[in-house]
Amino acid sequence: MRLFAAVLPPDAAVAELAARVEALRALPGADGLRWTEREGWHFTLAFYGEVAEEVLPELHTRLARAAHRHHPHELRLAGGGRFDDRVVWVGVDGDSEAMRRLADSAEAGGRRAGVPMDRHRPYHPHLTIARARTSSAHHRPTTGLAPYVDGLADFASQEWTVGELSLVRSHPPDPGVPGRQPRYEAIAAWPLGH
């Protein structure tokens, strides 16, 4: 099964972000982006990819230990940015260093459980809200992302407490159905600091 470790923002913060995203989707050219669905909004801490069933018990043990070693911390969704001309994301404000340490532990836990992981990259907390569609001829984005990033500049949700580490399963979209997106299912969660 396809798995990743994540922090899931609370409903109140998601609702605040959804209101801002609705305004962004009204901008000219917004239909040139693939907008992520709010049910799937999350902060990926570590991506594990396809994980064999027999690895799950050890991965659960490692993630429980990782959660135990980290304390709850305060964050808010704030601002935004882009990765090249491919992705529009919302960032965080608050104890992002605690989030980075949690991500490092989730990645290390996956490695120790025997999950083959890509090389380590510095963690940058972000929640993806849109991806650029590319023209098939040139693989170039069909829409510039600057107006959407600008539209997030003053965005800030209410503060919330990151209180748990979740293990999430990604179900791929139905093949051949245009516009379908992956569906995410939290299959386990561990409280931080316990």
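What you see below is based on every heavy atom in this structure, not just the backbone, and it leaves out hydrogens, waters and symmetry mates.
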- Residues that His68 engages under ring-ring contact (aromatic ring centres under 6.0 Å, His included), provided they are two or more places apart: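 For His68, no residue satisfies ring-ring contact (aromatic ring centres under 6.0 Å, His included) once neighbours in sequence are set aside.
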Residue set satisfying ring-ring contact (aromatic ring centres under 6.0 Å, His included) with Trp35, at least two apart, ordered chain then number -> Tyr148
Worksheet item: Leu24 and Ile129: side-chain contact (heavy atoms from CB on, under 4.5 Å), yes or no, with the steps?
Response: CA-CA 10 Å; Leu24 296 177; Ile129 59 167; 3.9 Å; yes
Kindly give the cluster partners of Phe83, where membership spreads through any ILVMFWY side chain lying under 4.5 Å from a current member.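 Its cluster mates, by chain and number, are Val87, Trp89.
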Residues clustering with Leu8 (ILVMFWY side chains joined when closer than 4.5 Å, directly or via others):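 Other cluster members: Phe4, Phe47, Val168, Tyr184.
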**Q.** Check against side-chain contact (heavy atoms from CB on, under 4.5 Å), Arg65 and Leu63
**A.** CA-CA 5 Å; Arg65 286 182 193 162; Leu63 291 177; over 6 Å; no
If you count every heavy atom of other residues, nucleotides or ligands that lies below 6.0 Å from [X] atom [atom1], does the total exceed 12?
{"X": "His71", "atom1": "NE2", "result": "no"}
{"X": "Glu53", "atom1": "CD", "result": "no"}
{"X": "Arg112", "atom1": "CZ", "result": "no"}

Exercise for review: Could you note down all residue pairs passing ring-ring contact (aromatic ring centres under 6.0 Å, His included) where residues 9-32 supplies at least one of them, sequence neighbours left out?
Suggested key: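 Qualifying pairs, neighbours excluded: none.
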Output, in order, the C-alpha distance, side-chain angles, deciding distance and verdict of side-chain contact (heavy atoms from CB on, under 4.5 Å) for Leu59 and Leu167. CA-CA 9 Å; Leu59 182 58; Leu167 182 62; 4.2 Å; yes
message: Thr161 vs His73, test: side chain to side chain donor-acceptor pair (under 3.5 Å). Steps then yes/no.
response: CA-CA 5 Å; Thr161 300; His73 53 277; over 6 Å; no
Practice prompt. Could you please spell out the steps behind the side-chain contact (heavy atoms from CB on, under 4.5 Å) verdict for Tyr123 and Arg101?
Written response: CA-CA 9 Å; Tyr123 182 69; Arg101 289 191 304 268; over 6 Å; no
(request) Give every residue pair that meets the salt bridge (charged side-chain N to carboxylate O under 4.0 Å, His left out) criterion with at least one member in residues 144-158, sequence neighbours excluded. (result)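 Salt bridge (charged side-chain N to carboxylate O under 4.0 Å, His left out) check on residues 144-158 returns Arg20-Asp154.
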Side-chain ([X]) to main-chain ([Y]) donor-acceptor, under 3.5 angstrom:
{"X": "Ser157", "Y": "Leu77", "answer": "yes"}
{"X": "Glu16", "Y": "Gln158", "answer": "yes"}
{"X": "Glu185", "Y": "Ser170", "answer": "no"}
{"X": "Thr61", "Y": "Pro57", "answer": "yes"}

For [X], salt bridge (Lys or Arg N to Asp or Glu O under 4.0 Å) partners two or more places apart:
{"X": "Glu50", "answer": "none"}
{"X": "Glu107", "answer": "Arg111"}
{"X": "Arg131", "answer": "none"}
{"X": "Asp95", "answer": "none"}

inquiry  = What's the separation between atom CD1 in Ile187 and atom CG in Leu3, rounded to the nearest 0.5 Å?
reply    =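 The CG atom of Leu3 is 5.0 Å from CD1 of Ile187, to the nearest 0.5 Å.
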Can you name the side chain to side chain contact (heavy atoms under 4.5 Å, CB included) partners of Glu22, sequence neighbours left out?
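Glu22: no side chain to side chain contact (heavy atoms under 4.5 Å, CB included) contacts found.
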Hits for side chain to side chain donor-acceptor pair (under 3.5 Å) against Thr36, two or more places apart or cross-chain, chain-then-number order -> Trp41
